[in-house]
Enquirer: 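The structure's right below; bear with me while I get my questions together.
Source: prediction; values computed, not measured. In what follows, every heavy atom counts, from backbone to side chain, and hydrogens, waters and symmetry copies are set aside. Proteins get letters first, then strands, A, B, ... in listed order; numbering begins at 1 in each.
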Amino acid sequence: MTTFLAFGEARDGELRNLSFETIAAAKQIDENAEVVGVVLADQNTENLANDMIQYGADRAVVVEHDDLKEYTSDAYTQAAMAVIEEEDPDGIVMGHTSAGKDLSPRLANKLDSGLVSDITNVDGGEFVRPIYSGKAFEKKTVKDGLTFVTIRPNNIPPFEKDENRSGDVNTLEVDIKDIRTIIKDVVRKASEGVDLSEANIIVAGGRGVKSEEGFEPLYELADELGAAVGASRGACDAGYCDYSLQIGQTGKVVTPDLYIAVGISGAIQHLAGMSNSKVIVAINKDAEANIFNVADYGIVGDLFDVVPKLTEEIKAL
Amino acid sequence: MNIYVLMKKTFDTEEKIQISGGAIEEEGAEFIINPYDEYAIEEAINLRDEHGGEVTVVTVGDEDSEQQLRTALAMGADQAVLINTEDDVEDGDQYTTSTVISTYLKDKEVDLILAGNVAIDQASGQVGPRVADQLDMPYVTTITEISVDGEEVNIVRDVEGDEEKVQTSLPLLVTCQQGLNEPRYPSLPGIMKAKKKPLEELELDDLDLDEDDVEAKTETTDVFLPPEKEAGKVLEGETDEQVKELVSLLRSEAKVL
Ligand SMILES: Cc1cc2nc3c(=O)[nH]c(=O)nc-3n(C[C@H](O)[C@H](O)[C@H](O)COP(=O)(O)OP(=O)(O)OC[C@H]3O[C@@H](n4cnc5c(N)ncnc54)[C@H](O)[C@@H]3O)c2cc1C
């Protein structure tokens with residue numbers, strides 16, 4: 001039997017959704033694999049490990065250490081390597097998140113292994129990933145060594161939680177030392193509430209929204225839909241909203257069920273972050289705007305007229 | 001300060017993608033410096049102007065990569081190195097590229113390495129951290145601010161929209177994120193000067209590497225375009241009707257509400 005490590009990612013004492021997606025991905029890669037959930041955190045690891053098991057992991061390994069409160073490459077590498085050395089896995093699955101992107105190449109290097117980053121789909125032993133800003137896709141396989149992949153959040157559906165599932169949780173003691181990058185401060189910009197990369201519905205505004213107040217109708221629509229609000233870089237650069245809302249190549253890469261682009265022209269760097277969305281709606285006054293080329297439904301019109309009416313219509317449901 | 005920049009040429013952002021024989025068709029495409037590497041070049045030049053030293057831009061590529069290296073020199077880099085793997089490496093991956101680069105760098109005196117956080121073509125973001133690990137150097141990814149004071153380095157990095165303030169020290173590798181700076185356009189005198197600046201060309205042999213040492217660990221088995229999307233439905237009528245129809249379609253046809 002093969003062993004796969006599925007890395008969870010804790011934030012504010014809870015596991016991000018993609019933690020559970022890594023478990024499902026590991027089972028998709030090899031349905032007979034024993035999937036070991038891995039939790040690296042500063043607290044509450046026992047509970048988080050049980051969450052991993054209830055979402056389908058067969059057992060779990062945790063490292064709990066004060067130095068794992070914030071992600072640093074050095075501390076997380078030492079903790080992850082301790083787990084990997086203990087388990088000697090055939091494969092590793094991690095999220096393609098800020099931490100996963102930072103950590104996975106270093107681990108791959110230490111393990112003398114290949115790494116297939118940012119996959120959106122598992123197709124037999126092959127991994128599908130978007131390239132060229134989503135203008136094409138490639139299929140990759142591993143020729144040599146570990147099967148090591150990072151998965152794009154919100155693409156591989158997790159298993160249903162099973163409260164009755166249980167399994168072994170092994171705690172490893174790791175002596176973490178020599179951290180060479182010290183985090184002095186973290187300025188939280190991302191708003192409370194739904195994490196954009198995990199949101200099922202996103203209402204995103206662009207430069208067409210014209211001001212900070214212009215975002216109000218978008219927030220009202222989002223409230224009705226239980227959606228998160230995002231933005232184009234154009235809107236962020238213009239100061240209408242914080243950069244933490246930015247979607248695209250530089251910002252967050254999202255794959256919601258429904259993406260409503262409001263006053264966004266559809267530059268390729270924006271599309272790179274959202275063109276994989278299941279259903280795309282564009283609201284733009286320019287019928288020629290590129291966003292209509294990726295949209296499933298479009299309304300050509302003034303957003304300040306369309307958005308409030310759309311909110312009313314949804315309210316009436 | 002001895003500053004190195006890792007650079008890759010990529011398809012021009014607006015370039016259409018075509019596939020022939022299971023690979024992206026490169027014939028006739030316009031190439032540019034990967035935009036995130038441009039931030040790295042700009043920052044390297046600014047740091048050199050502030051602290052003295054030299055900026056060396058390194059690329060793993062083919063003979064056409066000289067064009068992007070000349071652009072980097074015209075922006076203000078001091079020298080360039082082209083590691084031409086065209087004849088030796090058929091299908092490299094990030095393991096290949098990072099091994100070539102770190103082999104080149106391992107006997108150099110390096111204070112700071114800047115790379116892009118991601119390339120807009122393959123978009124794996126692996127090369128920076130892999131090179132740092134091979135050189136046993138600390139690294140900080142997706143930086144939006146950097147200041148160097150003696151050995152001490154203070155950095156602001158973008159973590160999914162949050163700002164993280166990091167303190168570390170040289171030698172160091174960083175990967176650059178949009179927001180770090182506004183890359184300059186090469187000036188005419190810059191372009192003239194660039195023609196005379198040193199550009200060294202190396203092959204695997206010169207680094208004592210064989211094809212086998214850098215053989216890829218992953219393989220691309222297929223490249224394809226996204227399924228052709230049917231033209232989206234642009235809704236007709238007055239706003240009220242458009243909105244009603246949209247909600248109805250989202251419920252009954254798309255089933256997302
Ligand atoms: C290296 C690099 C990385 C980048 N990364 C990103 C990224 O991650 N994310 C990103 O978004 N961009 C990114 N960009 C920027 C990108 O190229 C575009 O500049 C940006 O996406 C444009 O934002 P926008 O669509 O809001 O603005 P614009 O292009 O100005 O479009 C505004 C749109 O609003 C419409 N409009 C105006 N008024 C109204 C109205 N009243 N009602 C309805 N519609 C209206 C207009 O018709 C227009 O289509 C990047 C660029 C570079 C070079």
Side-chain angles (χ1 to χ4, degrees), chain A residues 73-74 97-98 101-102 105-106 108-110 113-118 126 131-133 135-145 180-190 243-244 246 249-250 252 257-258 268 278-279 281 292 294-301 305-306 309-310 313-314, chain B residues 11 13-14 17 19 24 93-95 98 118 120-126 129-130 132-134 138-142 159-169 177-179 216-226 229 232-235 239-240 242-244 246-247 249-250 254 256-257:
Chain A
S73 162
D74 285 335
T97 58
S98 184
K101 285 187 240 186
D102 191 276
R106 184 168 178 196
N109 190 63
K110 294 213 173 305
S113 156
L115 169 62
V116 185
S117 307
D118 195 21
E126 297 185 313
I131 51 175
Y132 293 81
S133 311
K135 287 190 269 194
F137 287 83
E138 66 176 356
K139 271 191 186 165
K140 295 212 84 169
T141 56
V142 175
K143 280 204 300 191
D144 180 26
R180 297 168 297 179
T181 58
I182 293 154
I183 298 177
K184 292 295 207 184
D185 192 18
V186 182
V187 186
R188 282 292 175 107
K189 299 279 188 163
Y243 281 103
S244 59
Q246 183 183 194
Q249 195 169 69
T250 302
K252 298 203 167 85
D257 294 333
L258 174 59
I268 184 63
K278 278 146 216 143
V279 176
V281 172
F292 287 115
V294 299
D296 300 279
Y297 306 108
I299 294 183
V300 179
D305 178 29
V306 176
K309 287 188 170 139
L310 184 54
E313 193 62 31
I314 306 261
Chain B
F11 264 49
T13 315
E14 301 298 333
I17 301 296
I19 291 178
I24 304 274
D93 67 359
Q94 297 80 12
Y95 170 81
S98 60
V118 71
I120 63 170
D121 49 9
Q122 293 297 320
S124 80
Q126 293 183 29
R130 276 185 182 266
D133 195 59
Q134 285 168 21
Y139 63 88
V140 182
T141 52
T142 55
V159 182
E160 297 182 28
D162 290 338
E163 273 178 14
E164 209 173 80
K165 303 202 163 120
V166 180
Q167 192 173 73
T168 182
S169 59
Q177 168 70 315
Q178 191 177 29
K217 300 198 176 280
T218 58
E219 185 176 19
T220 301
T221 51
D222 194 15
V223 180
F224 55 98
L225 298 177
K229 230 177 167 166
K233 235 181 237 170
V234 175
L235 308 174
T239 312
D240 290 322
Q242 290 173 315
V243 163
K244 274 202 169 55
L246 175 62
V247 171
L249 287 166
L250 290 176
V256 286
L257 287 187

Enquirer: Walk me through it: do L257(B) and I314(A) pass the test side chain to side chain contact (heavy atoms under 4.5 Å, CB included)?
Expert: CA-CA 9 Å; L257(B) 287 187; I314(A) 306 261; 3.9 Å; yes

Enquirer: With a 4.5 angstrom heavy-atom cut-off, is it the side chain or the backbone of L115(A) that approaches chain B, or both, or neither?
Expert: both

Enquirer: So what's closer than 4.5 Å to chain A heavy atoms on V247(B): side chain, backbone, both or neither?
Expert: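 The side chain, not the backbone.
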
Enquirer: If you count heavy-atom pairs within less than 4.5 Å of chain A, which of I24(B), V118(B), I19(B), T142(B) leads?
Expert: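 Sorted descending by pairs with chain A, the first entry is I24(B).
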
Enquirer: Please look at Q94(B) and chain A and tell me whether the side chain, the backbone, both or neither of the residue comes under 4.5 angstrom of a heavy atom of that chain.
Expert: side chain

Enquirer: Please state whether the side chain, the backbone, both or neither of V279(A) comes within less than 4.5 Å of a heavy atom of chain B.
Expert: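 Looking at V279(A), just its side chain touches chain B.
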
Enquirer: Is it the backbone or the side chain of F224(B) that comes under 4.5 Å from a heavy atom of chain A, or both, or neither?
Expert: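 F224(B) touches chain A through backbone and side-chain heavy atoms alike.
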
Enquirer: Below 4.5 Å from any heavy atom of chain A, which atoms of D93(B) appear? Answer side chain, backbone, both or neither.
Expert: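 For D93(B), the contact with chain A is made by the side chain alone.
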
Enquirer: With a 4.5 angstrom heavy-atom cut-off, could you sort out which part of Q246(A) is near chain B: side chain, backbone, both or neither?
Expert: side chain

Enquirer: Given heavy-atom pairs under 4.5 angstrom as the criterion, report whether the side chain, backbone, both or neither of K252(A) touches chain B.
Expert: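 Side chain only.
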
Enquirer: By side chain to side chain donor-acceptor pair (under 3.5 Å), which residues pair with D118(A), not counting sequence neighbours?
Expert: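 Listed in chain order: R152(A).
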
Enquirer: Measuring heavy-atom distances to chain B, does T97(A) have an atom under 4.5 Å in its side chain, in its backbone, in both, or in neither?
Expert: both

Enquirer: Against chain A, label Q177(B) side chain, backbone, both or neither, depending on which of its atoms sit under 4.5 Å from a heavy atom there.
Expert: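 Contact with chain A: side chain only.
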
Enquirer: Please classify the contact of L246(B) with chain A as side chain, backbone, both or neither, using a heavy-atom distance under 4.5 Å.
Expert: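 The side chain, not the backbone.
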
Enquirer: Could you have a look at Q167(B), Q134(B), K244(B), E14(B) and say which one has the most heavy-atom pairs with chain A under 4.5 angstrom?
Expert: Q167(B)

